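These notes are about the structure you will find just below.
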Amino acid sequence: MPPRGTRDVLPPEARVREHIASTARRIFESYGYGRIQTPTFEETDVFVRGVGTSTDIVRKEMYTFRDGSDRSLTLRPEGTAPVARAFVEHGMHKLQLPVKLWYQASMFRYEAPQAGRYREHMQLGVEALGSDDPLVDVEVIAMLHDLYTTLGVGGLTLHVSSMGDAESRSAYRPLLMAYLEAHIDVLGPDERERMRDNPLRLFDSKNPAVRELMADAPKIVEHLGEDAAAHHGRVRAGLDALGIAYVDDPTLVRGFDYYTHTVFEFACDLLGAQSAVGGGGRYNGLIQELGGQPTPGVGFGTGIERITLALEGTTTPERALDCYIAIPDQELRVTLLPLVHSLRAAGLRCETDLRGRSLKAMMRHASSLGVATCVIIGSREYDAGVAAVRDMTTGDQREVPLDQLLESLQ
RNA sequence: GUGAACGUAGCUCAGUCGGUAGAGCUCCUGGUUGUGGUCCAGGCGGUCGAGGGUUCGAGUCCCUCCGUUCACCCCA
């Protein structure tokens, strides 16, 4: 058994994942994003400062360990803080802004495993750093929307909200706290603790009594300052211009401390409790928190496992093989090695028998592999300088001179 | 971390009251010379999640642990 919360991905599922990843790569590059690869582990402080000490991730979900030099290191639990760290490290503020980066990497979180929730999962994400233009937010959302649409992910709803800027938040917080204090009796011990750490997260609660309470609570989107409201309005106008449907969700809260202004999430109703298939937002304070010049940023992350689950039954991965070469003669299997090699070198995906099967067994093998074409070269064909080429769908079989075999298969 | 359900062949699952571990699928070999899919016959394949307990006897009952799933929580 692999460790709890981890899994082996076997070829059929790996093909689906490859398809998702290559589609994402094509879309990200069409928007001018370049790939960044950061280490699998970072100094623990990158996440403590970047993600925030009030978050569950930092408080109880990090894989933290000490190396031989007693440094505290942590397996990457999310993708944004490492990218921000690299931005600072490499002085990317001197590049044309925004710097547009995408990544594909494993994330590690110590959580209770469930369908669609693993301790190691693969995430695709982008970060656009160095511009506070709301149209960057729109671009990032549009890219993710493109990805899901291209892949054919169904049952999605885009939720959008704003968490405002520092001024909006400091003006809003007392309003929310006053409301909560007035109804403190509704809250249990856990919820009171959350109220102190990060009261906005109470909007996320599934407790019916709390939901009811929060439905009437003051919402930050309704108390944005002038700048934040203008930003939010322009993001919405951009989405409208692109015809991207979304719902205004004032209760949308994301579990990282670094978010400011725009936050969004794509929920999939095919996924049960783990319904968030991708999400992100703007984080204008993060780079500074990690020691860089004040630099705005916006990005998203989306989980490959959850996309795969949402796609279940809808994709037909392409055929993995083009043809099967059946050589029912043990000596010819050696003699024809160069021929098979040349077919593969020319780009044909070929399988041959590797067990000394009978021709009947080879044909069965070819059939179960689902190849469209089977090439049979026994001593009879070889002596005549030909190959028997059989169409496995129709059963039609014809002879082709060996020196024309490659062209006839292409 | 909390609560619940589940764990039998590679896969999907039966297994009665505690009494010799089963089926279908997959895979392999045949069904007369070198031809697949359908059909027929045969075969391979098990530490019944692990460990302990009760019993003459445990897949079945009890305990502990591990794992999966569902919900909470959180999130991708």
Side-chain angles (χ1 to χ4, degrees), chain A residues 1-7 10 12 20 51 54-61 76-80 104-125 144 148 153 188 190-191 193-194 198 201-202 204-208 210 252-256 263 265-268 271-280 299-310 324 326-329 332 353 355-382 388-397:
Chain A
M1 296 285 281
R4 183 169 160 84
T6 68
R7 48 202 297 278
L10 304 185
I20 293 167
V51 180
S54 84
T55 62
D56 281 19
I57 286 185
V58 169
R59 288 211 301 220
K60 50 192 187 194
E61 294 178 0
R76 170 180 51 218
E78 62 92 49
T80 301
Q104 175 185 346
S106 277
M107 305 298 162
F108 305 86
R109 295 180 202 167
Y110 184 80
E111 294 189 274
Q114 217 169 298
R117 189 167 75 188
Y118 306 98
R119 290 183 173 178
E120 176 182 12
H121 75 276
M122 187 65 76
Q123 226 175 91
L124 288 159
L144 188 53
Y148 297 145
V153 180
D190 287 357
E191 284 141 356
E193 191 184 331
R194 229 183 304 166
N198 194 342
R201 301 245 308 275
L202 286 171
D204 233 3
S205 176
K206 282 175 190 163
N207 177 338
V210 177
L252 175 63
V253 173
R254 311 211 79 246
F256 302 109
V263 288
E265 190 169 289
F266 284 87
C268 177
L271 254 39
Q274 264 57 57
S275 63
V277 63
F300 68 71
T302 183
I304 288 192
E305 287 80 1
R306 289 192 186 169
I307 295 176
T308 304
L309 284 172
Y324 189 95
I327 305 170
D329 179 295
L332 279 181
D353 163 59
R355 294 186 63 185
R357 287 176 172 85
S358 67
L359 180 60
K360 182 189 177 96
M362 287 182 201
M363 297 307 290
R364 240 199 302 261
H365 185 199
S367 190
S368 73
L369 289 170
V371 297
T373 309
C374 184
V375 175
I376 302 161
I377 312 173
S379 51
R380 229 152 59 201
E381 288 81 8
Y382 186 69
V389 177
R390 182 179 182 85
D391 182 318
M392 295 299 276
T393 313
T394 64
D396 294 341
Q397 191 166 317

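Fair warning: this is a prediction, and the values are worked out from it, not measured in the lab. In what follows, every heavy atom counts, from backbone to side chain, and hydrogens, waters and symmetry copies are set aside.
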Quick check on RNA chain B: between A:Lys60 and A:Thr6, whose nearest nucleotide comes earlier from the 5' end?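 In this pair, the answer is A:Thr6.
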Take A:Ser205 and A:Gly5, find for each the nucleotide of RNA chain B with the closest heavy atom, and name the residue whose nucleotide sits nearer the 5' end.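 Its nucleotide being nearer the 5' end, the pick is A:Gly5.
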Hey, does A:Arg109 reach any base, or is it just sugar-phosphate, or nothing, if we go heavy atoms under 4.0 Å?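 Counting heavy atoms under 4.0 Å across all strands, the contact made by A:Arg109 includes a base.
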What string of B, S and - do you get for nucleotides 31-41 of chain B, 5' to 3', if B is base contact, S is sugar-phosphate-only contact and - is no contact with any protein heavy atom under 4.0 Å? B--BBBB----
To the nearest 0.5 Å, how far apart are CD in A:Glu111 and NE2 in A:His121?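 Rounded to the nearest 0.5 Å, the CD-NE2 separation comes out at 8.0 Å.
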To the nearest 0.5 Å, how far apart are CZ in A:Phe108 and CZ in A:Arg76?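 The distance works out to 6.5 Å.
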[Y] backbone acceptor or donor facing [X] side chain under 3.5 Å:
{"X": "A:Ser205", "Y": "A:Leu202", "value": "no"}
{"X": "A:Arg109", "Y": "A:Pro77", "value": "yes"}
{"X": "A:Ser275", "Y": "A:Leu271", "value": "no"}
{"X": "A:Asp391", "Y": "A:Gly395", "value": "no"}

[X] [atom1] - [N] [atom2] separation (whole Å):
{"X": "A:Asp353", "N": "B:C27", "atom1": "CG", "atom2": "P", "result": "15 Å"}
{"X": "A:Glu191", "N": "B:C73", "atom1": "CD", "atom2": "P", "result": "9 Å"}
{"X": "A:Glu78", "N": "B:C74", "atom1": "CD", "atom2": "P", "result": "18 Å"}

Can you identify which nucleotide, out of B:C28, B:C75, B:A76, has its nearest atom closest to the A:Gln274 side chain?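 The answer is B:C75, which lies nearest to the side chain.
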Side chains of A:Gln104 and A:Gln123: any donor to acceptor distance under 3.5 Å?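 No pair is found: no donor N or O on one side chain lies under 3.5 Å from an acceptor on the other.
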What would the secondary structure line of RNA chain B be in dot-bracket form, counting Watson-Crick and G-U wobble pairs under 3.5 Å, with [ ] for pairs that cross earlier ones and | for pairs with another strand? (((((((..((((.....[..)))).(((((.......))))).....(((((..]....))))))))))))....
Flag the pair A:Asp56 and A:Arg194 as a salt bridge only when some basic side-chain nitrogen lies within less than 4.0 angstrom of an acidic carboxylate oxygen.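 So A:Asp56 does not pair with A:Arg194 through a salt bridge.
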